[in-house]
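All of these numbers come straight from a predicted model, not from anything done at the bench. Just follow the structure's listing: the first ligand is 1, and inside any ligand the first atom is 1.
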Amino acid sequence: MDYKNLIKAAKLAKKNSHSPYSKFRVGAAILTKSRKIYSGCNIEISSYSLTICAERTALFKAISEGEKKFVALALSTDEEGFTSPCGACRQVISDLAGDIDIILTNGKGKVKLLRTSDLLPHPFTPNNLI
Ligand code: THU
């Protein structure tokens, strides 16, 4: 599976990062089963806790456009090493996208391929409420 365009979209979305407090720019892009890409960046708010991560921006954009099936999510930061999704995003990805490919990128153009289940094993899921 070639995720080049998805990674490109995550990198591009990072340019819109609104991160005046942390200066930590993040871009994410999610690929739907129907091969559409939705991207998003982190958006920081002055009261800090209302900040939203890039992963959730991208995923919420897709969900609000009616998307339901997802294949992969790519993440881009300016870090030399790999950055992986925070705990809150892991739960949101697990709930809304399920066990998909998670593509981490580093500043050197290297890629690490994981699954949601690698990041959040034994998840609490919507099925637990049925
Ligand atoms: N952030 C993300 O957007 N995604 C992550 O996976 C980790 C953290 C954002 C939130 C905040 O704007 C900044 O990075 C520093 O935590």
Side chain, backbone, both or neither: the part of C53 lying under 4.0 Å from ligand 1 by heavy atom: both
Which segment of S84 sits under 4.0 Å of ligand 1 when only heavy atoms are counted: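 Only the backbone of S84 comes within reach of ligand 1.
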Ligand-residue contact atoms, ligand 1 with C86, heavy atoms, under 4.0 Å: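 Close to C86: 6 (O).
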Where ligand 1 meets E55 - atom numbers and elements under 4.0 angstrom, heavy-atom basis: 2 (C), 3 (O), 4 (N), 5 (C), 6 (O)
Min N/O separation [X] to ligand 1 under 3.5 Å:
| X | value |
| --- | --- |
| A54 | yes |
| E44 | yes |
| N42 | yes |

Heavy-atom pair with the smallest gap, counting every atom of R115 and I102: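 In this case the closest contact between R115 and I102 is C-CG1, 3.9 Å.
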Other cluster members, L129 - Ile/Leu/Val/Met/Phe/Trp/Tyr, side-chain contacts below 4.5 Å: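 Taking Ile, Leu, Val, Met, Phe, Trp and Tyr as members, L129 shares its hydrophobic cluster with F124.
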Members besides Y48 in its Ile/Leu/Val/Met/Phe/Trp/Tyr cluster (side-chain heavy atoms under 4.5 Å):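 Under the 4.5 Å side-chain rule, Y48 groups with Y21.
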Any T51 side-chain heavy atom under 4.5 Å of I43 side chain: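 No, side chains not in contact.
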Side chains of E67 and Y38, donor plus acceptor under 3.5 Å: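 On atom types as modelled, these side chains qualify, holding a pair under 3.5 Å.
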Pair R90, S84: side-chain N/O donor-acceptor within cut-off below 3.5 Å: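 Side-chain D/A pair, R90 to S84: present.
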Distance from atom 14 (O) of ligand 1 to nearest protein heavy atom, with residue and atom: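 Minimum-distance protein heavy atom for atom 14 (O) of ligand 1 reads F24 CD2, 3.3 Å.
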Protein heavy-atom partner closest to atom 15 (C) of ligand 1 - residue, atom, separation in Å: S22 OG, 3.8 Å
Any P85 heavy atom less than 4.0 Å from ligand 1: yes
T51 to ligand 1, any heavy atom closer than 4.0 Å: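 T51 counts as a contact of ligand 1 under the 4.0 Å cut-off.
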Trace of the side chain to side chain contact (heavy atoms under 4.5 Å, CB included) decision for L104 with L114: CA-CA 8 Å; L104 310 183; L114 298 168; 3.7 Å; yes
Step-by-step side chain to side chain contact (heavy atoms under 4.5 Å, CB included) determination, I52 to N42: CA-CA 6 Å; I52 187 162; N42 57 328; over 6 Å; no
